[in-house]
Amino acid sequence: MATITELKCAVRETLESRGVLSQLKARIRAEVFSALDDQCQPRPPLSHENLLINELIREYLEFNKYRYTASVLTAESGQPEVPLDRSFLASELRVTEDSSSKSVPLLYGLVSHFLNSSDNGGRMFLRGATQPAATTSSNTILGLDP
């Protein structure tokens, strides 16, 4: 007869081999964050830049099947539950897509563009963007110079 330890090991191995264990851990983390999220403390208003950045990250997370991480991002950031329309996001970022680029998240295309760019020796000038009104931190938020 198998011992409790052997049974635990067998269940763990089975869950790991099926990819279920990591999903369970992520789901538990998401639920814990959701339970700990203090709804009484108001969040700072979501700036336009943060809305776009969060949406790029959410699209990337969902594409890579990081659904629980995406749900925590949405809950913590105050991002709308319904994702922004991709064409709206591309328009706001002044990105033109072809049919092949639409099969991957916009973030992949942006990173690829900058990795393969030869303008200015591959360098880009970053300027400080405006901070959201409720932000009092001395950290600088960087924006792209057109």
Side-chain angles (χ1 to χ4, degrees), residues 7-146:
L7 183 58
K8 284 181 183 178
C9 287
V11 169
R12 182 183 186 97
E13 288 174 10
T14 301
L15 293 175
E16 282 178 347
S17 70
R18 293 182 183 173
V20 175
L21 188 59
S22 61
Q23 289 178 353
L24 288 172
K25 287 179 178 180
R27 177 71 184 179
I28 290 169
R29 265 188 236 108
E31 291 298 329
V32 168
F33 281 121
S34 178
L36 295 176
D37 189 25
D38 186 3
Q39 297 296 329
C40 299
Q41 194 169 23
R43 288 186 178 84
L46 192 59
S47 71
H48 184 69
E49 290 88 356
N50 283 356
L51 179 77
L52 297 175
I53 291 166
N54 290 345
E55 196 59 40
L56 286 170
I57 294 168
R58 175 173 35 194
E59 183 188 35
Y60 162 82
L61 292 172
E62 289 179 354
F63 177 82
N64 286 289
K65 309 280 190 266
Y66 303 143
R67 291 184 185 97
Y68 299 118
T69 306
S71 71
V72 171
L73 170 70
T74 302
E76 286 188 326
S77 67
Q79 192 80 359
E81 289 290 327
V82 177
L84 297 176
D85 182 67
R86 183 181 171 112
S87 61
F88 170 79
L89 192 57
S91 171
E92 288 295 299
L93 296 170
R94 297 185 183 106
V95 171
T96 303
E97 296 185 278
D98 62 15
S99 59
S100 66
S101 68
K102 291 181 181 182
S103 64
V104 296
L106 283 167
L107 196 52
Y108 282 110
L110 294 171
V111 169
S112 175
H113 169 77
F114 292 117
L115 287 175
N116 298 314
S117 176
S118 60
D119 297 340
N120 298 322
R123 304 279 182 219
M124 125 188 326
F125 176 74
L126 296 177
R127 63 172 172 76
T130 59
Q131 292 186 357
T135 303
T136 58
S137 168
S138 62
N139 294 338
T140 303
I141 298 173
L142 297 177
L144 301 179
D145 191 39

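Since the structure is predicted, the reported quantities are computational estimates derived from the model, not experimental observations.
Of all non-hydrogen atoms in Leu89 and Glu55, the two that sit nearest each other are CD2-CG, 3.8 Å. Taking both residues in full, the closest heavy atoms of Ala70 and Arg58 are given as CB-CG, 4.5 Å, listed atom of the first, atom of the second, then distance. Taking each heavy atom of Glu97 and Leu106 in turn, the nearest pair found is OE2-CD2, 3.4 Å. Taking each heavy atom of Glu81 and Thr74 in turn, the nearest pair found is OE2-CG2, 3.7 Å. The two residues Glu59 and Leu107 have their closest heavy-atom pair at OE1-N, 4.5 Å. For the residue pair Leu93 and Leu110, the shortest heavy atom distance occurs at CD1-CD1, 4.3 Å.
Asp98 places a side-chain N or O within donor-acceptor distance of the main-chain N or O of Ser100, the cut-off being under 3.5 Å. Of the possible polar contacts, none joining the Glu62 side chain to the Arg67 backbone as a donor-acceptor pair under 3.5 Å is found. Formation of a donor-acceptor pair under 3.5 Å by the Asn50 side chain with backbone atoms of Leu46 is not found in this model. Side-chain atoms of Ser91 do not come within 3.5 Å of backbone N or O of Ser87 as any donor-acceptor pair. A distance-only check finds no donor-acceptor pair linking the side chain of Ser112 to the backbone of Tyr108 [under 3.5 Å].
The CG atom of Leu52 lies 6.0 Å from the CD atom of Glu92; values are rounded to the nearest 0.5 Å. In this structure, OH on Tyr68 lies 14.0 Å from CG on Leu61, to the nearest 0.5 angstrom.
Checked against side-chain hydrogen bond (donor to acceptor under 3.5 Å, both in side chains), Glu16 has the following partners two or more places apart in sequence or in another chain: Arg12.
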Pairs of donor and acceptor atoms involving the side chains of residues 20-28, under 3.5 Å and at least two apart or interchain, shall be tabulated with distances.
| from | atom 1 | to | atom 2 | distance (Å) |
| --- | --- | --- | --- | --- |
| Arg27 | NE | Glu31 | OE2 | 3.4 |
| Arg27 | NH2 | Glu31 | OE2 | 2.9 |

